[in-house]
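Scroll down for the structure; my scribbles are underneath it.
All ligand and atom numbering here is 1-based and tracks the order in the structure. What you see below is based on every heavy atom in this structure, not just the backbone, and it leaves out hydrogens, waters and symmetry mates.
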Amino acid sequence: MKRQILLTPGPTPLPAEVREALARPIIHHRTTVYQEIFKEVVEALKEVFQTRNDLFIFTSSGTGAMEASIVNFLSPEDKVVVIVSGKFGERFGEICSAYGLNTILLPVTWGEACPPEALSGVLKQSKDVKAVYATLCETSTGVCHDIQRLTQVSHDHGAILVVDAISGLAADPLLTDSWGVDIVVSGSQKALMLPPGLSFISVNAKAWEMAKGARLPKFYFDLLKAKKAWQKFDSPFTPAIPLVVALRETLKRIHKKGMEKIWKECAQLAESTRKSVTRLGLSLFAKAPSNALTAVLVPQGIDGKQLVRTLREKYGIWVAEGQGELAGKIFRIAHMGYIQKKEIDLCLSVLEKEIAYETVGQ
Ligand SMILES: *Cc1c(COP(=O)(O)O)cnc(C)c1O
């Protein structure tokens, strides 16, 4: 297989110890060996989430935990506000609608972060909103949201705040407990340096109170089942054993460095990427950029889709295209998790050359 340099915002590259862990013989999950790993992993994940709240692992892609953050806490026709500043905010809205919730969308211009005042405006107008759904890093635009302020505003109006931190976790600072974020969801294939297949959710006491009366239908993503199984360090259904074993390896790596340093290094790589992009004469798309990825506007006279294809086919460098209304208009370079500066630098020098080649003589 041709060598690939993966700079996409999920999946991201795997460190060697993760690949080694995934290649080991499988163990059975109803054993003390597995239970010890499971316990260790959940505790270590709490450090990454910056929480002491209950935390659960599902076998699913990130969207599974998004669905869990809805079905476990609400009843049909409950009123929710969903901040939509890109593709993943849209997804929260779609899940809420699919379950028959009274869903108020708060649209934000793509590329911008939701102003906390816009949220308080909506919450003032619509009484009895039970929950606000927000995104830490909106991966489709590269924007990072001010989750601390959005949480305050939600609480001021009696709503809980749920955050999709699937790409933002371990890239953008998220202080779950000190900011009082009620529910946080994430996934394995972004900054946690694992293959896709695990999703995570943390739940605080206030959210558990809501869970008691929640009547939306649920089965696989029922958190009460997960909570009961956890008493025996078990899961309600067969866990993705190799992924959990591999997760222990990445969590060791993260713990060794510490969250402060993880965020700092990611911020530095993000900053240097943005600087280099600007130096090439390209424009940044996100007004409030995330540490996880950089969204770049496709310059005039360049076919954005073709540019992404050229990087892939000619060099094996994988950046991501624009999604939805941004298809062909931006491309996205991830710099979270195990992605290295030298890979970004190589990508940028190839970009410089390809863009120069396309535009020379125009
Ligand atoms: C990747 C991602 C998701 C989840 O997508 P899955 O394909 O279900 O893993 C959700 N939200 C954000 C912000 C993401 O970056």
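- For ligand 1, residues of the protein lying within 4.0 angstrom by heavy-atom distance are Ser61, Gly62, Thr63, Met66, Phe88, Arg91, Thr135, Cys137, Thr139, Asp164, Ile166, Ser167, Gln189, Lys190.
- Within the structure, every pair that satisfies the salt bridge (Lys or Arg N to Asp or Glu O under 4.0 Å) test and touches residues 21-32, not counting sequence neighbours, is listed here: Glu20-Arg24, Arg24-Glu249, Arg30-Asp234.
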Under 3.5 Å, sequence neighbours excluded: what are the donor-acceptor pairs made by side chains of residues 187-194?
from   : atom 1 : to     : atom 2 : distance (Å)
Ser188 : OG     : Pro195 : O      : 2.8
Ser188 : OG     : Gly197 : N      : 3.4
Ser188 : OG     : Leu198 : N      : 3.1
Ser188 : OG     : Leu198 : O      : 3.3

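- Not less than 6.0 angstrom separates the ring centroid of Phe56 from the ring centroid of Phe200.
- The aromatic rings of Trp230 and Phe233 sit perpendicular, their planes meeting at an angle over 60°, well past the 30° parallel limit.
- Under the ring pair (Phe, Tyr, Trp, His ring centres under 6.0 Å) criterion, Phe92 pairs with Tyr133, not counting sequence neighbours.
- A ring-centre distance under 6.0 Å is not found for Phe285 and Trp110.
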